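Each remark here refers to the structure printed beneath this line.
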Amino acid sequence: MKLWGGRFETGPSEVFERFSNSLGFDRRLFQADILGSEAWARALERVGILSAGEREAIVDALEAIRAEGVAADAADEDIHTYVIRRLQERVGAPAGKIHTGRSRNEQVSLDVRLWLRQRIDAARASLLDLCDSLLALALRYPDAVIPGYTHLRRAQAVLWPHYLLAYFEMFARDWERLGEARARVNLMPLGSGALAGSGFPFDRDALARELGFDGATRNSMDVAADRDFVLDFLYAASLAMLHLSRLAEDWILYSSDEFGWLELGDEVTSGSSLMPQKKNPDSLELIRGKCGRVFGSLTSLFVTMKGLPLTYNRDLQEDKVPLFEAADDLAGSLEMARAVADSVRLRPERPAAAAEESWLVATDLAEALARAGTPFHRAHQLVGKLVLESVRQGKKPGDWSAAELAAFAPEFAPEMARLLDPREGMKTREIPGGTGPRAVARALEEARTRLAAMRA
Ligand code: ARG
């Protein structure tokens, strides 16, 4: 069965049918198509196209079709055609009225919005689960000190929870951003017709309410041409994947022999078929790898949309594979990242040793000098010289005594020697957003509260 054909003398060639078929992938919109069609049947009854009996027969049949699922061997043009054909087979004549005043152009928009809304809700829930796991991981080692990096060179000491809270912020923003995308997804397009608006007086607001939308779209031509809401999602998904890939990269490094801070659980790592000793971070590498695919989906749809003349063009059918793949990759990566976070063990003594043996305390010392009245530029120079001298003599910060410091430069007061311990310097960073222990404890508390509010 086709939803068109009267105007043609011969049917489509086998190659064209094969080439243009979308049922192979848009079958994923099956549930959404059924839901939309049931609402459409009720709308048709309200405008007098279907009798109550016809509407009931149609809705019952759609429910039965839903229960059966999409037949594996179906060869229809797309999921919309499939559902209507099945309806025809079940209820006969009344099925011929279901497409009254409706176009597949708006049906695609509706189905994708219904499908995507669910996937966004699931992704947002997974983001919160991941945030939960990050907070739990922070609280397993509340006092652990690690070197923070710039240029991948040891920079300043930070608390382990402070480091994890940085990712918490990124994922909280992703949760917000997906919520913003959802607001643009969650508008009801039916009533737009093919492009000019339907020829029947449907109550679009009632349809919107019935299908759980926040409202109805405003312009029929925009509906037929628009995939902004898919791009909004793909951008939000891309950014979430970017954050996941940075976390993955950090942990791949931190769990390497060279760093040796983290131990990833056996359950999220794999071995080598040849080298018996290997324990590889494949889960994290795949998250990093899938990130590239999601960027590809965003780029792919951008390029598809660029320069398309208004309104609908069949090019728009190419939105689905990138969208479906991106949604799957995001969902899978979030789930995987959470499992990795739950499996991670920190060896706090390793990053602590790294923090102590390098000059992470240099800034703390320079700032102490500045607080005591030395101009910062001079303080910076002085501590720089101290580091240079230490490098020459092979001394670590902890190898200096208060007396030696004072002998090196009179500006060093005796009480400044305690800053040679990186934990002491951190105490000067109690500013909100800083790594001071009290600031971090407060930030952890706030993160918990925020997470609870996001869940509510
Ligand atoms: N499978 C098509 C798509 O995904 C359905 C819309 C067909 N509309 C049309 N005018 N040919 O875009």
Side-chain angles (χ1 to χ4, degrees), residues 1-8 10-37 39-40 65 70-71 74-88 95 98-119 185 187-199 217 219-234 297 300-328:
M1 191 203 82
K2 292 235 168 306
L3 298 177
W4 46 272
R7 185 242 175 275
F8 294 82
T10 57
S13 70
E14 187 273 330
V15 57
F16 174 60
E17 286 220 299
R18 214 171 358 99
F19 186 68
S20 58
N21 180 287
S22 62
L23 185 60
F25 48 88
D26 66 15
R27 60 173 61 227
R28 294 183 67 170
L29 300 175
F30 177 61
Q31 298 281 346
D33 204 76
I34 298 266
L35 194 69
S37 294
W40 195 243
I65 294 165
V70 186
D76 304 271
E77 185 179 322
D78 55 26
I79 190 62
H80 325 294
T81 310
Y82 173 82
V83 169
I84 293 176
R85 173 175 65 79
R86 295 290 294 109
L87 192 61
Q88 203 108 53
I98 186 67
H99 212 54
T100 312
R102 182 176 73 168
S103 156
R104 278 181 296 167
N105 298 349
E106 57 186 334
Q107 221 181 331
V108 169
S109 175
L110 178 85
D111 292 2
V112 172
R113 288 168 190 269
L114 287 170
W115 182 87
L116 183 51
R117 172 171 94 178
Q118 267 191 355
R119 298 302 301 255
V185 168
L187 295 173
M188 204 291 301
L190 295 182
S192 300
L195 77 158
S198 185
T217 56
N219 182 285
S220 62
M221 295 184 78
D222 180 39
V223 165
D226 174 39
R227 290 296 182 272
D228 290 3
F229 60 97
V230 178
L231 287 165
D232 280 338
F233 166 73
L234 289 174
S297 287
S300 162
L301 186 56
F302 262 135
V303 177
T304 298
M305 298 305 294
K306 178 188 172 298
L308 279 188
L310 252 53
T311 56
Y312 181 84
N313 300 272
R314 192 65 176 266
D315 314 44
L316 291 177
Q317 182 169 292
E318 300 298 335
D319 64 345
K320 280 167 211 66
V321 172
L323 169 62
F324 294 161
E325 288 183 348
D328 289 347

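Heavy-atom basis, side chains included; hydrogens, waters and symmetry copies ignored. Computed from a predicted structure; not experimentally measured. In listed order, ligands and their atoms are each counted from 1.
Checked for salt-bridge contact, Asp78 and Lys320 miss the test: no charged N lies under 4.0 Å from a carboxylate O. By the 4.0 Å N-to-carboxylate-O rule, Arg113 lies close enough to Asp226 to be salt-bridged with it. Electrostatic pairing of Arg85 and Glu77 does not count as a salt bridge here, judged by no charged N lying under 4.0 Å from a carboxylate O.
Using a non-hydrogen distance threshold of 4.0 Å, Lys320 registers as a contact of ligand 1.
Here the rule is salt bridge (charged side-chain N to carboxylate O under 4.0 Å, His left out) with Arg227, and of Asp319, Asp232, Asp222, Asp315 only Asp319 fits it.
Surrounding CD of Glu17 are more than 12 heavy atoms belonging to other residues, nucleotides or ligands, all under 6.0 Å away.
Considering backbone and side-chain atoms together, Asp78 places an N or O closer than 3.5 Å to an N or O of ligand 1.
Of the protein's non-hydrogen atoms, the one nearest atom 7 (C) of ligand 1 is Tyr312 OH, 3.6 Å. Atom 2 (C) of ligand 1 has its closest protein heavy atom at Gln317 OE1, 3.2 Å.
In the vicinity of Asn105, heavy-atom distances shorter than 4.0 Å reach the ligand 1 atoms 8 (N), 9 (C), 10 (N). The contact set between ligand 1 and Ser22, taken as ligand atoms under 4.0 Å from a residue heavy atom, comprises 1 (N).
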